Amino acid sequence: MTSDAPPAREPMYGPEFAADPGAVYARLRRHGPFGPVELAPGVPATLVVGYEAALQVLRDPATFPKDARRWEKDVPADCPVLPMMGYRPNCLMTDGGVHARLRGAVTDSLERIDTGALRDHVERTADDLIDRFTTAGEADLVARYARALPLLVLIEMFGCPREIADRIVTGMSGIFEGLDAERANAEINRGVADLIALKRARPGADVTTWMLNHPAELTEDELGQQLVVLIGAGAEPEQNLIANTLRLLLADDRFAGDLSGGSLPVEDALDEVLWTDPPMANYGVTYPERDLVLGDALLPADQPVVVSFAAANTDPAMASDHRTGNRAHLAWSTGPHTCPAKGPARLIASVAIERLLDRLPDLELAVPAAELEWRPGPFHRALAALPVRFPPVPVPDRTEPAGAPVAGPVPPAAAPAPRRARWWDPLVRWWNGR
């Protein structure tokens, strides 16, 4: 006798999912490329776990639109996933002509970033952070490095002062984890409004000012929500990309065996992480406007369809040992909503990791890799901590030229000068003392 009861939904919240999402993806594959999940208690959704099905969803915005407003009408204001999924007038959550106008303001502004100056800024920021723990012989690389570095880089890129940046980034962490998400979302919006007001009064050579003055003539709300998605993507996922790649380099013999020999396969490790442990594991949320039947799956109207980039990338139908240099993964999404900042994001992660391994070549995990803990949340793949140890290394007494801003052409090199206090030093001291 068969049962007509719908299949049980897999919960994507709590420590069990965080500890072993791969087991959940494997169970969902029994249903085919679409599996029933619960993003938070009482929030049903369909998770796309097949690679080809993910491509179909991401490349067809007419069938799978991004506008959440019909869905969110029946969602309580304190729903923990609402800030990550609810409608915002930005390039991530719109389609068609509106999306093209909003995305144009983002891509045009990001293209003005000087990548050489950005690389220099990441290197200097990395050195400043490493200087603060290099003599200790141990550190938590999430708290002391991977979390702090993107924040300091974003301050430069967006012309965002320390106090505002921290409020936005702290709020972003809250909505990713679903912890007091309503309050965290309000804090983000206040921080972004303060940044816009500051840039109107004191414009600069930064992404915020460029979008403010872009021919797309963004409204105040549009500009604010563009900044939410850009700073959110530049903070939380970036720290996870850095930390997850460091974990792989230190824990996997395929990579760790090369570190002491001077060959640092950072780009190979980044490719591996983007395939198997992408920092945004599950997102690309869409909301079909009518009931859809795809294969054996019913996708109800106005119920979220969420793409699992992690599950799609590891789809057994796509199994391959040749990931090195293979950029066909979906970690950056694909289609009209592919990440517009994947170039700067990869550059920041690559330089940060190379600098750390160059400064501390004998770095090793302080605990077995299996004991590392992952932060809960349905969307991200995020380590809670990455404790390491290493032979203490003195802080170098180096001199260096003053850095160029990331925004414009690199000026002629300045004459070397003794290392001086930098404007971000108080932020680093404050961050490390949290």
Side-chain angles (χ1 to χ4, degrees), residues 90-91 101-129 148-169 172 188 191-220 222-235 238 339-352 400-415 417 420-428:
N90 62 33
C91 61
R101 182 176 66 88
L102 297 176
R103 186 178 173 94
V106 169
T107 54
D108 290 348
S109 299
L110 291 176
E111 285 173 358
R112 295 180 67 174
I113 293 173
D114 186 295
T115 56
L118 176 60
R119 174 182 289 275
D120 290 344
H121 180 64
V122 176
E123 288 181 351
R124 295 193 310 275
T125 304
D127 278 335
D128 279 350
L129 291 170
L149 188 142
L151 173 63
L152 295 167
V153 173
L154 287 173
I155 285 172
E156 178 79 5
M157 289 176 62
F158 288 85
C160 186
R162 150 187 165 177
E163 184 271 337
I164 295 176
D166 177 65
R167 282 194 282 136
I168 295 172
V169 171
M172 286 294 176
I188 292 167
V192 166
D194 289 346
L195 174 59
I196 294 171
L198 174 69
K199 292 287 101 178
R200 286 194 188 281
R202 300 206 307 265
D206 53 64
V207 173
T208 306
T209 301
W210 294 331
M211 288 204 301
L212 188 63
N213 297 323
H214 192 272
E217 297 182 341
L218 304 180
T219 67
E220 193 86 359
E222 288 172 341
L223 175 59
Q225 297 307 327
Q226 297 281 79
L227 290 170
V228 168
V229 72
L230 285 175
I231 295 176
E238 187 70 22
C339 176
K342 59 185 177 182
R346 183 164 181 135
L347 171 66
I348 292 166
S350 177
V351 173
E400 56 186 287
V406 301
V410 180
R420 51 183 171 78
R422 297 191 176 87
W423 61 269
W424 61 76
D425 286 349
L427 174 58
V428 175

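If you're wondering where the values come from, they're calculated on a predicted model, not measured in any experiment.
- Checking side-chain atoms of E238 against main-chain N and O of A349 turns up a donor-acceptor pair under 3.5 Å.
- The minimum heavy-atom distance linking T107 with G104 is given by the pair OG1-O, 3.3 Å.
- If you take CE on M211 and CG on D108, they are separated by 11.0 Å, rounding to the nearest 0.5 Å.
- Distance alone, capped at 3.5 Å, is enough to place a donor-acceptor pair between the Q226 side chain and the L102 backbone.
- Considering all non-hydrogen atoms of both residues, A165 and I155 come closest at CB-CG1, 3.7 Å.
- Proximity of V106 to N90: side-chain heavy atoms (C-beta onward) are nowhere separated by under 4.5 Å.
- The closest donor-acceptor contact from the side chain of R103 to the backbone of C91 lies at 3.5 Å or more, if one exists at all.
- One distance of note links CZ of R101 with CD of E217; it measures 8.5 Å at 0.5 Å rounding.
- Contact of the M157 side chain with the L230 side chain is not registered, since no non-hydrogen atoms from C-beta on lie closer than 4.5 Å.
- For the pair R200 and E220, the minimum side-chain heavy-atom distance is below 4.5 Å.
- Rounded to the nearest 0.5 Å, atoms CG (D128) and CG (L149) are 10.0 Å apart.
- V192 places none of its side-chain heavy atoms less than 4.5 Å from the side chain of L223.
- Using a 4.5 Å heavy-atom threshold, the side chains of P203 and L212 count as separate.
- In this structure, the separation between CD on E163 and CG on D194 is 7.0 Å, given to the nearest 0.5 Å.
- Shown here for A341 and L110, the closest heavy-atom pair between the two residues is CB-CD1, 3.8 Å.
- Nearest heavy atoms, A105 versus A216: CB-CB, 4.3 Å.
- Of the candidates V228, L227, I231, I188 forms a side-chain contact (heavy atoms from CB on, under 4.5 Å) with just one, namely V228.
- At a threshold of 4.5 Å between non-hydrogen side-chain atoms, the residues E156 and T125 do not count as touching.
- With contacts defined as side-chain heavy-atom distances shorter than 4.5 Å, the pair F158/V207 qualifies.
- Atoms CD and CD, from E222 and Q225 in turn, are 10.0 Å apart once rounded to the nearest 0.5 Å.
- We find the CD1-CG distance between I168 and L195 to be 5.5 Å, quoted to the nearest 0.5 Å.
- Checking side-chain atoms of T209 against main-chain N and O of A205 turns up no donor-acceptor pair under 3.5 Å.
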